[in-house]
Amino acid sequence: MSDLQAQTRFEPAEVEARILERWLDAGLVHPEAAGSADENFSIAIPPPNVTGALHMGHALNGTIQDVLVRCNRMRGKRTKWILGTDHAGIATQRQVEKLLESEGTSREELGRDAFQERVWQWRERYGGQIVEQFKRLGATADYEDERFTMDERYHEAVLKVFIDLHEQGLIYRDHYMVNWDPGLRSAISDLEVEERDGVVDTLYSIAYPLAEGDGELVVATVRPETMLADTAVAVHPDDERYAHLVGQEVVLPLVGRRLPVIADEYVKTDFGTGALKITPGHDPNDFEIGRRHGLGEISVIGEDGLMGAAAGERYAGLTVAEAQARVVADLDELGAIREREEYVHTVPFSQRSGARVEPLISLQWFMRMDELAGPAIDAVRFGHVKIHPESQSRRYVDWLENIRPWCISRQLWWGHQIPVWYRGSETYVGATAPEGDGWERDPDVLDTWFSSALWPFATLGWPQRTPELQAFYPTDVLSTARDILFLWVARMVMLGLRFADDIPFEHVYVHSIIQAPDGRRMSKSLGTGIDPLALVEGGPRPPVFAKRPGEDPGEFPAYGADAVRFGLLAMSSTQDVRFSEEKVQQGQALANKLYNATRFVLLRIGNAPGADAGWGEISATEQGRSVEDRWILSRLQAIKTDTQARLDGFDFAKAALGLYDFIYGELCDWYLEIVKPRLGDDADPDDRTALAAILLHVLQETIATAHPVIPFVTEELWELLPGTTGLLATSTLPALDPQLRDAEAEAQMERAMEAIRIMRAWRDSVGVRPATIVTATLDAGGYEQTARRVAERARFAFVAGGGDAHVVASIAIPGGTVAVHASDDVDLGAAERRLEEQRATLRSEIERAERKLANAGFVAKAPPAVVAAERAKLERLRAELEGR
RNA sequence: GGGCGGUUAGCUCAGCUGGUCAGAGCGCGCGCCUUACAAGCGCGAGGUCCACGGUUCGAUCCCGUGACCGCCCACCA
């Protein structure tokens with residue numbers, strides 16, 4: 001920003017790169033590991049996937065965290081924002097697999113070691129992208145101490161947790177029903193399953209003949225192919241229709257197996273025929289029922305998604321869909337299908353691959369969660385961990401109270417390989433293979449969320465008792481979106497309490513999810529995603545911005561990081577919100593406004609005596625200060641207090657918009673405009689000097705207060721202000737000075753501003769030309785100190801009310817009236833119409849107040865203060881009407 | 001099937017513990033190049049605060065029911 005005089009607009013592109021470099025060079029992002037977690041401030045970033053590119057969620061969350069980090073840094077706290085990325089097993093493995101595919105090879109062809117080598121190379125090459133993008137937003141995360149969930153030390157921590165939990169009996173291996181993802185060829189956890197509504201299937205009613213005598217039992221199913229694995233038919237114990245059949249057997253069509261008829265409470269008597277085929281191998285409920293009744297478990301569908309040998313020769317090798325068609329055809333031939341109807345229901349799909357989940361019995365590693373859940377529930381219930389907004393606490397507690405075992409093994413190659421070795425029937429759990437030959441390691445890796453659950457302490461060097469752990473654990477805040485409250489947040493609390501002996505964070509802030517402008521989810525595949533950096537640096541608008549379909553939505557201007565940060569904060573709330581480009585524009589306007597306000601002050605007072613007075617120079621006792629000075633100093637205290645309180649309360653939208661209102665409204669529209677005459681060439685030099693000090697003081701403190709939200713422009717302006725040293729980012733926030741709060745000045749200014757607004761509106765409505773100075777007599781109380789400013793701002797000239805002046809109009813302002821003198825510039829007809837309108841408004845308001853006060857109930861039951869206020873209001877309105 | 005949140009100006013949203021609470025930004029209209037900013041300034045128009053009941057002296061705000069939208073959880077074949 002070389003030429004303040006010529007540069008009339010703030011150009012973020014020119015400034016931001018330079019400012020960023022200064023922050024990074026200053027080392028402010030990397031704190032010394034000293035002191036205690038109590039006195040320090042720390043946040044652990046939700047580690048983005050190494051595969052990831054910055055999306056709107058990252059940008060919002062990054063901004064929120066940076067605001068908190070900057071704010072606390074400016075409070076003088078040693079501040080660490082733990083940074084790193086997640087190895088993201090599935091996502092990363094798929095990325096690299098795709099790459100291999102394009103090279104005409106595959107991971108199988110490469111083999112495990114070579115494949116992992118390729119993933120590491122890939123990570124080396126692309127993994128740093130998202131970190132660089134965070135920098136572009138001004139995020140002051142600790143770039144000098146970046147972590148990765150596959151780092152060697154991190155890996156050791158993961159293995160230790162696995163081994164310890166295994167030793168404690170919480171981790172075990174079992175044949176159990178899992179959600180099998182045929183697309184991924186891996187088990188996935190319950191949380192990675194997405195239930196899709198409205199799937200249309202056919203519900204088949206199939207007759208199973210009784211083994212003894214005539215008769216049949218008809219069961220209903222949407223998956224006839226699974227009947228090949230049936231091992232029973234169940235009815236409700238109280239169902240009298242079938243009571244006599246319980247204990248008998250039926251014959252499974254096509255297979256010939258004899259199945260017992262069992263009684264189980266799970267069966268609904270009013271669904272279908274009230275008889276349920278039991279397939280423990282391929283249905284989670286049937287699995288439970290089967291275990292209750294000691295039924296056999298037959299698997300006819302393999303992990304490859306094809307029918308297996310147990311399905312019988314006729315079906316083995318078919319896909320599930322093919323098998324279904326053939327089973328149905330075969331049943332038709334037998335005449336065993338009694339009915340078929342269209343059936344709409346919900347069906348589980350894999351969030352990872354999109355494939356329909358196939359419930360299978362499989363040998364997997366599980367983690368028992370009940371024992372860990374209790375303390376994690378208590379942590380929230382007793383307020384050690386506070387979730388904001390509070391309503392999310394209930395979701396958290398509900399989920400933990402109903403928690404089920406977690407399937408933690410994944411059939412992938414990229415991730416933390418499970419530290420278990422097998423030799424024949426022997427099993428050994430440990431970080432390294434045991435002595436002796438022939439040990440083979442379990443090929444599976446751990447669910448990515450297993451390692452993520454250790455993030456807040458494993459990044460700080462746990463299990464070693466490092467100075468970092470001492471200084472920054474527990475962290476202060478975790479900021480995240482709602483969708484990973486269970487997936488991640490709850491698990492961090494559980495494992496933090498278990499292994500790091502303390503909660504991982506004191507506050508959890510659950511932020512909005514930003515939707516596309518049309519209300520849909522932001523997603524790359526839908527084309528509704530918006531690249532935050534396209535907003536910062538300019539770039540094409542996505543098609544969702546088109547006013548009409550197919551229309552070219554044009555380009556984003558380069559709004560700059562401050563504008564994007566401001567916009568995101570201003571949009572955020574406790575619920576999901578639509579993306580609003582206007583809020584970003586508002587941020588841009590604010591940055592520009594602040595720049596121009598500073599420019600104005602510096603160009604006007606430049607090197608005037610007193611211009612280098614920094615803060616702390618303004619004392620409450622300073623003489624000769626006018627009412628607007630006292631007012632702005634008072635308002636400055638208010639915005640300082642409010643901004644801090646709003647940020648502490650995670651009310652980011654209000655913090656951002658509050659700054660906007662103060663800077664745009666109070667500081668620029670009112671204060672700077674009002675004091676302009678005091679800076680003129682013919683102004684009183686002493687007053688000018690005093691004013692210069694106040695202006696600089698107010699600017700400095702405003703800029704410092706706004707810095708966490710719009711760090712770039714404020715840092716730039718800070719350097720331009722006289723009397724400042726060093727980086728704003730490392731300065732301390734201006735102290736509150738309660739003595740400068742001045743209710744009396746605020747009241748006077750409120751009154752003056754209201755009068756100015758009314759007088760301007762009057763001018764406009766009666767068609768007085770802007771250049772005209774209207775002559776009038778001020779006949780109102782409470783303007784002793786502001787009359788001159790009121791006249792200036794409203795372009796009036798107040799003269800003493802001589803009896804000979806012909807009054808043509810009377811403008812009601814708080815505390816009295818302004819009597820307008822006759823003049824060619826006033827359209828009397830318009831003035832009269834305007835007056836009559838006002839009288840009408842007054843009459844109706846008076847009538848309303850009178851009616852209210854005539855209501856006996858109101859006078860008797862409403863609080864006396866309310867009634868009194870209503871009476872006072874009526875008096876005032878009547879007096880005003882009198883004056884017309 | 002449960003649970004949660006939403007429905008306020010043309011658009012996106014604020015409105016705390018019921019009584020100047022009907023607001024902001026953008027958009028729109030009118031007027032201004034007033035020597036910080038025309039990405040600016042001033043003024044203005046626009047809303048039975050989803051519907052219907054109830055509580056209350058008084059309801060956008062509290063309660064109930066319904067409609068529509070969104071999200072979460074859930075093992076009805």
Side-chain angles (χ1 to χ4, degrees), chain A residues 4-5 7-10 177 195 203-205 219-223 226 234 266-268 270-279 283-289 343 345-346 348 359 389 391-392 394-395 398-399 402 482-483 485-486 513 515 517 519 521 557 559 570-571 573-583 585-586 588-589 591-604 653-654 657 660-661 664-665 668-669 672-673 676 756-757 760-765 767-771 793-795 845 848-849 852 855-863 865-867 869-870 873:
Chain A
L4 206 55
Q5 181 77 51
Q7 183 78 42
T8 62
R9 297 196 310 230
F10 178 66
M177 176 127 307
E195 300 287 338
L203 183 66
Y204 297 92
S205 295
V219 300
T221 182
V222 292
R223 307 268 329 255
T226 64
Y266 169 77
V267 184
K268 304 278 182 293
D270 56 355
F271 189 92
T273 58
L276 174 64
K277 75 193 242 331
I278 301 298
T279 319
D283 182 281
N285 304 310
D286 294 6
F287 178 80
E288 299 291 337
I289 294 169
Y343 187 64
H345 62 147
T346 59
S391 58
Q392 297 296 328
R394 231 184 81 191
R395 279 184 64 223
D398 284 351
W399 184 76
N402 297 301
R482 205 181 40 223
D483 49 350
L485 192 62
F486 308 147
I513 291 172
Q515 299 163 335
R521 261 190 118 74
Y559 284 116
M571 269 175 248
S573 91
T574 55
Q575 63 182 74
D576 293 353
V577 292
R578 293 188 186 197
F579 180 81
S580 148
E581 190 177 343
E582 286 76 23
K583 291 284 194 293
Q585 285 166 349
Q586 209 178 335
Q588 182 193 32
N592 185 244
K593 196 70 172 174
L594 197 53
Y595 168 73
N596 270 297
T598 305
R599 184 165 160 261
F600 164 72
V601 170
L602 294 183
L603 292 178
R604 279 301 183 89
K654 229 181 231 162
L657 293 169
Y660 178 93
D661 287 342
Y664 235 92
C668 293
D669 288 350
L672 294 187
E673 293 300 332
K676 271 180 183 172
I756 291 166
R757 274 190 288 260
R760 283 173 176 166
W762 178 85
R763 293 179 64 111
D764 223 57
S765 67
V768 177
R769 302 178 59 82
R793 298 313 308 145
R795 303 188 72 76
E845 280 183 43
R848 194 158 56 171
K852 209 165 180 181
N855 182 339
F858 174 72
V859 178
K861 297 192 181 176
V866 174
V867 178
E870 197 64 30
K873 180 177 157 193

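Throughout, a chain's letter reflects where its sequence line sits, starting with A, and its residues are numbered from 1.
- Going from the C1' atom of B/A24 to that of B/G15 covers 10 Å, rounded to whole Å.
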Worksheet item: What is the per-nucleotide protein-contact pattern of nucleotides 14-32 of chain B, from the 5' end, where B denotes a base atom under 4.0 Å from a protein heavy atom, S denotes such proximity for sugar-phosphate atoms only, and - denotes neither?
Response: S----BB----SS----S-
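- Applying the side chain to side chain contact (heavy atoms under 4.5 Å, CB included) test to A/Q575 and every residue at least two apart in sequence or in another chain returns A/S573.
- Comparing B/U35 with B/G40, their C1' atoms sit 13 Å apart, to the nearest whole Å.
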Worksheet entry | CA sep, side-chain torsions, deciding dist, call: A/Y266, A/E288, side-chain hydrogen bond (donor to acceptor under 3.5 Å, both in side chains) | CA-CA 10 Å; A/Y266 169 77; A/E288 299 291 337; over 6 Å; no
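- Applying the side chain to side chain contact (heavy atoms under 4.5 Å, CB included) rule to A/A862 yields the partners A/F858, A/V867; only residues at least two apart in sequence or on another chain are considered.
- Using a 90° window around 0 for the glycosidic torsion, B/G54 falls outside it and is classed as anti.
- For the P atoms, the distance from B/G47 to B/G23 is 13 Å, rounded to whole Å.
- With pairs defined as Watson-Crick or G-U wobble and both atom distances under 3.5 Å, the stems of at least three pairs that touch RNA chain B come out as B:1-7 with B:67-73, B:10-13 with B:23-26, B:28-32 with B:40-44, B:50-54 with B:62-66.
- Whole-Å rounding puts the A/R394 CZ to B/G3 P distance at 9 Å.
- In this structure, the side chains of A/R395 and A/L485 come closer than 4.5 Å at one or more pairs of heavy atoms.
- For A/E673, the salt bridge (Lys or Arg N to Asp or Glu O under 4.0 Å) partners are A/K676, A/R793, not counting sequence neighbours.
- Taking atom C1' on both B/A9 and B/G53, the two are 27 Å apart, rounded to the nearest angstrom.
- A/D576 pairs by the salt bridge (Lys or Arg N to Asp or Glu O under 4.0 Å) definition with A/R482, not counting sequence neighbours.
- For the pair A/D283 (side chain) and A/D286 (backbone), a donor-acceptor distance under 3.5 Å is present.
- Residue A/L657 holds its CG atom at 13.0 Å from OH of A/Y664, rounded to the nearest 0.5 Å.
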Could I get a table of every N or O pair under 3.5 Å where one atom is in the protein and the other is in nucleotides 75-77 of chain B?
from  : atom 1 : to     : atom 2 : distance (Å)
B/C75 : O4'    : A/N285 : OD1    : 3.0
B/C75 : O2'    : A/Y266 : OH     : 3.4
B/C75 : O2'    : A/N285 : OD1    : 3.4
B/C75 : O2'    : A/N285 : ND2    : 2.6
B/C75 : N1     : A/N285 : OD1    : 3.1
B/C75 : O2     : A/N285 : OD1    : 3.4
B/A77 : OP2    : A/Y343 : OH     : 2.5
B/A77 : O2'    : A/A220 : O      : 2.5
B/A77 : N6     : A/K268 : O      : 2.8
B/A77 : N6     : A/F271 : O      : 2.8
B/A77 : N1     : A/K268 : N      : 3.4

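- Comparing B/C16 with B/U12, their C1' atoms sit 22 Å apart, to the nearest whole Å.
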Practice prompt. Mark up nucleotides 33-41 of chain B, 5' to 3', with B wherever a protein heavy atom is under 4.0 angstrom from a base atom, S wherever such an atom reaches only the sugar-phosphate, and - elsewhere.
Written response: ---BB-BSS
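- Every residue two or more places apart in sequence or in another chain was checked for a salt bridge (Lys or Arg N to Asp or Glu O under 4.0 Å) with A/R578, and none qualifies.
- Side-chain N or O atoms of A/D764 include none that pairs as donor or acceptor with a backbone N or O of A/R760 at under 3.5 Å.
- The P atoms of B/C28 and B/C11 are separated by 15 Å, rounded to the nearest whole Å.
- The distance between atom CZ of A/R521 and atom C1' of B/C69, rounded to the nearest whole Å, is 16 Å.
- When atom types are taken as modelled, the side chain of A/R763 and the backbone of A/R769 share a donor-acceptor pair closer than 3.5 angstrom.
- Computed from coordinates, the A/I513 CD1 to B/C71 P distance equals 10 Å when rounded to whole Å.
- Taking atom CZ of A/F579 as the reference point, atom P of B/G70 lies 22 Å away to the nearest angstrom.
- For A/K861, there are no side chain to side chain contact (heavy atoms under 4.5 Å, CB included) partners, not counting sequence neighbours.
- In this structure, A/R795 has no side-chain hydrogen bond (donor to acceptor under 3.5 Å, both in side chains) partners at least two apart in sequence or on a different chain.
- Rounded to whole angstrom, the span from the CD atom of A/Q392 across to the P atom of B/C71 amounts to 15 Å.
- Between B/G19 and B/A36, the two C1' atoms lie 43 Å apart (nearest whole Å).
- With no hydrogens or angles considered, no side-chain donor-acceptor pair links A/Q7 and A/Y595 at under 3.5 Å.
- Here A/R482 lies in heavy-atom contact (under 4.0 Å) with sugar-phosphate atoms only.
- Scored by the side chain to side chain contact (heavy atoms under 4.5 Å, CB included) test, A/R757 finds A/W670, A/M753, A/E754 as partners (sequence neighbours excluded).
- Taking atom C1' in both B/G18 and B/C62, one finds a spacing of 7 Å when rounded to whole Å.
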